[in-house]
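I have placed the structure first, in the form of structure tokens, so that the comments after it can refer back to it.
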Amino acid sequence: MNGSSGISNPPSRTLISAVNLSKLYPVSEGWFRRDRSFIHAVDGVSFDLARGETLGLVGESGCGKTTTGRMLVRLTEPTDGQVLFNNESGDLEDIAHLKGAPLKNFRRRAQMVFQDPYESMNPRRTIFDTVAEPLHVQKIGDHSERFERVSETLSMVGLTPPSSFLFRFPHELSGGQRQRAAIARALVMNPSFVVADEPTSMLDISIRTGIMQLMGELADQLGISYLYITHDLAVARYMCSRIAVMYLGKIVEMGETEEVLRNPVHPYTKALLSAVPVPDPGADREPVTIKGSVSVPVDPLPRCRFYDRCPIADDFCRDNDHPPLEDKGAGRLAACHKA
Amino acid sequence: MSTVNTQHAAPTGLWRARLRLASQSLRESWQLFARTRIGIIGLTIIGLYALLALAHPILMNTVWEPRTYDPVVGYAFDETQQPAPPSLKHLLGTDPLGRDILSQLMFSARSEFLLGLLAATVTVVIGTAVGAIAAYFGGWVDTLLMRLADIMIMMPAISVLIVLSALIGVEHFELALIIGILSGFGATGVVLKSQALSVVVKPYIDAARAAGGGHFHIILIHIVPNLLPLSFLYMMFTVTSAIFSEAVLSFLGLLDVRMSWGLMIHTTESAGYLLQVTDFWWLIFPASLSITLLCSAFYLVGRSLDEVVNPRLRSR
Amino acid sequence: MTSDPVLVVEDLTMHYATRAGPVRAVDGVSFSVERGQSLGLVGESGCGKSSIAMTLLKLLPDNARLVSGSITLNGVDVVPLSENQMREHRWDRISMVFQAAMNSLDPVYRVGDQIIEALEAHSASAPRDAMERVRELFDLVSLDPSYIRRYPHEYSGGMRQRAIIAMALACEPDIIVADEPTTALDVIVQDHILREMQAIQRALNMSMIYISHDMAVIAEVCDVVGVMYAGKLVEFGPTAEVYARPIHPYTKALMSAFPSVRGEKHDLATLPGEPPDLLDPPSGCAFHPRCAYATDECRTSIPPTAKHGDQWATCWNPVADVDSE
């Protein structure tokens, strides 16, 4: 996969693709230090997202999944690589380093839903102010048009009747209602792409299902593509047609969700999957075989990122660079020398 | 009840909701404030001095004859000896120059308030801007503003004011500006920046950026409103320090003011009465007590507001 | 099984006094825990499960009122005990592991010293013995002994939680109360800690109350489970039976809303509405506004707790029919 060929001949259904996307953070910002170290938060990540598709980005905390999502909506500027976005005219445009008006224009098409419904809304602003904010800053419509658009969107996300929510404040809403309002804010400009960063992880089970179903229905109705970021494989199973598993800034496995869950190829995916408890007292899980805990990828050595914890690693894995994401048959991609 | 489809519903409903939030948070804050007795004490003292300040022009226009009672150029012809002790005509006596002390006290109260509030407003406007900008932009903007703050904090305010008053004529207005700038770019700016840092990491700031909101929009709509409670608290502390600085500078005779509490003590001192407190108590106590009381009052209100603004300090 | 209860809780009711009135956080809860048994308390946020933990340890905030009930720990009712008397029971007989592991460790002291301090406060052991005991404890929770002399910030999240568990085990309590001990951890670390806690609990024949919102974790760790809703225990019974055949509609709804990575991919059920406000709970059964089986009876009168086989449930219209005895 390389970037230049991607631009000249785009797959028509691709909405957004990450090409060798990387984000490095300097460890300490000393004025007089030359030998700076970098955390490789995201390290050469590539994937395509088709129109109307939901791709799950799964991994433990610190694996770079949120940073990847933020780069795709340009809340974070990538250090390296491209983000190709299929714009209105049907061309793939690299939005990785956009600025000014073109960036502002891109924001109409790509939005984000955040994890914490309690913190994602300014407590001093009404639900109307919050949901209408994108219309306001993008100068879309006059006041009454915005009012109508916000009301429609609120009904769409199940906050009905909208009149009883418009002029309330976030603290007057329950967690589930707040998350619906946050989804309304993301959808009010009719975006084609939404990054959902753990949108249900802070909600109770009885509320969570409703939000998951709502997001699924909206994707079908409006043809939205989601990048669904989650640490919970079970949630990803219900939300995503494909999933990508990340470990220390790298995608280690990617494929159809059911396939990956039924038959994981990468040893990390296997471990992750076997560590998930099941709500069945009789079930006997096989023990997790990996040891240690996730480290921070500061200037990682040129070898497989999973080497230290891998149960099947050998000298070859130690002496060779991180394996590329390769087709392991039946459309399954995995980055492992041994699999 | 607001209806959805009429065009008027939106603005009226919105403003009604905003008013409701404002009145609700005011009510809650007041309840918290009122629970701390020190805040009420402070507020009462401030109220009394405000009444004195307001009453002065009225008295001057009605019962007080300007020739006798003018705080600056008046002379108590009815007294044989100056300074005269308190009497029915001059409730707090007269000063060594024959001027009525109560009139001076009341006249000065107004300028103390104006000075304090102007200094506080300047502090808060600068401090909020500095805090919000440093926290939001970070990087070299932050470094620059914070090093500037270090310089402001390191500068001893009184000495700076002494030097400035020697170079330029410093009146109340200039004094308020200088105190406001020193505190706004200095300690208050630093405190408000640390508060702003906890706001800039909130997801709603990210959401505003993802919506396409510019720097100005984010700072004005999302950061500044969340700094206002703390700004208000620091306003109170600035009033205290402004009144105090004024008193010190006037006492040293460095301020170019017509009348103030500090100047009243200065007059007493230059006439040689400062150390004869027991014999000439009315020359010293009214002014010095007023300085102490009003400074403490604003400080007490500040302390009490601190409990409203910082939930951690709230006593159960 | 012969009955040897370590902890018996009867009709426990605890309210928080707020300006708007009393919040009924725990409302007439009764259960018992046998020696060596692990009880799971599962429910959503605000259902009162953490309040029960705080009540059992008598670590209540100032505005909490223990309205009624008894907590019998090894035959002693701890409710009337003073704070000083209670302190002797805490750690020695009942100890706790909380979710916020970072807050439970003092950042300025070495972890080993903190455990020694806890040990010395509760037993007259010599410092040398105490150090030996810390080594044993670190070994028990699979922490490297070199970490005894390190500070909390040098520990990872999982290691910190292990240190907290070691501390809770220090005085060999009869029962340990664990409130969401793995919620902030990643699944692989959670898996390690869950397995270790189970192994330790079995090895020491210790009792445990494990509080979680996660049905799956409870299923793995607990022998007996209690489902909480709006401050009440709505269903109670052996884990295997409750999960296989939930009796209370709320339990059933929770089960069918819970996604699993394994097995058939069933449709997830949605529960309408929101959990009730405990300042002003609904009349009758608190679950009736969200219940698909609710009748007039549910709206007006509080259902009694009835026995269904090995399970207990508080419901007028149980969804599974299990004969009473």
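Throughout, protein chains are lettered first and strands after them, A, B, ... in sequence-line order, and every chain is numbered starting at 1.
In this structure, chain A has no heavy atom under 4.5 Å from any part of A22(B). At a 4.5 Å heavy-atom cutoff, the contact between R20(B) and chain A is made by side-chain atoms alone. If you measure heavy-atom distances from R146(A) to chain B, you find no contacts under 4.5 Å at all. If you measure heavy-atom distances from I205(B) to chain A, you find no contacts under 4.5 Å at all.
For CZ of R303(B), the number of neighbouring non-hydrogen atoms (other residues, nucleotides, ligands) closer than 6.0 Å is 12 at most. A 6.0 Å sphere centred on CZ of F232(B) holds no more than 12 heavy atoms belonging to other residues, nucleotides or ligands. Heavy atoms from other residues, nucleotides or ligands lying under 6.0 Å from OH of Y49(B) number more than 12. In F33(B), the CZ atom is crowded: over 12 heavy atoms of neighbouring residues, nucleotides or ligands sit closer than 6.0 Å.
Annotation: residues 95-109 of chain A contacts chain B through K104(A), R107(A) [non-hydrogen atoms, separation under 4.5 Å]. Of all residues spanning residues 169-191 of chain A, those with a heavy atom less than 4.5 Å away from chain B's heavy atoms are F169(A), H171(A), E172(A), R185(A), M189(A), arranged by number. Below 4.5 Å, heavy atoms of chain B meet heavy atoms from E119(A), S120(A), M121(A), N122(A), P123(A), R124(A), all part of residues 115-124 of chain A.
If you tally non-hydrogen atom pairs under 4.5 Å between each of V199(B), I221(B), N226(B) and chain A, the highest count goes to N226(B). Chosen from H136(A), R168(A), R74(A), R125(A), the residue pairing most often with chain B at heavy-atom distances under 4.5 Å is R125(A).
Applying the side-chain hydrogen bond (donor to acceptor under 3.5 Å, both in side chains) test to residues at least two apart or on different chains, the pairs with a partner in residues 210-221 of chain B are E133(A)-H217(B), Y136(B)-H215(B).
Heavy atoms only, all atoms of each residue included: T126(A) and A17(B) are closest at CG2-CB, 3.9 Å.
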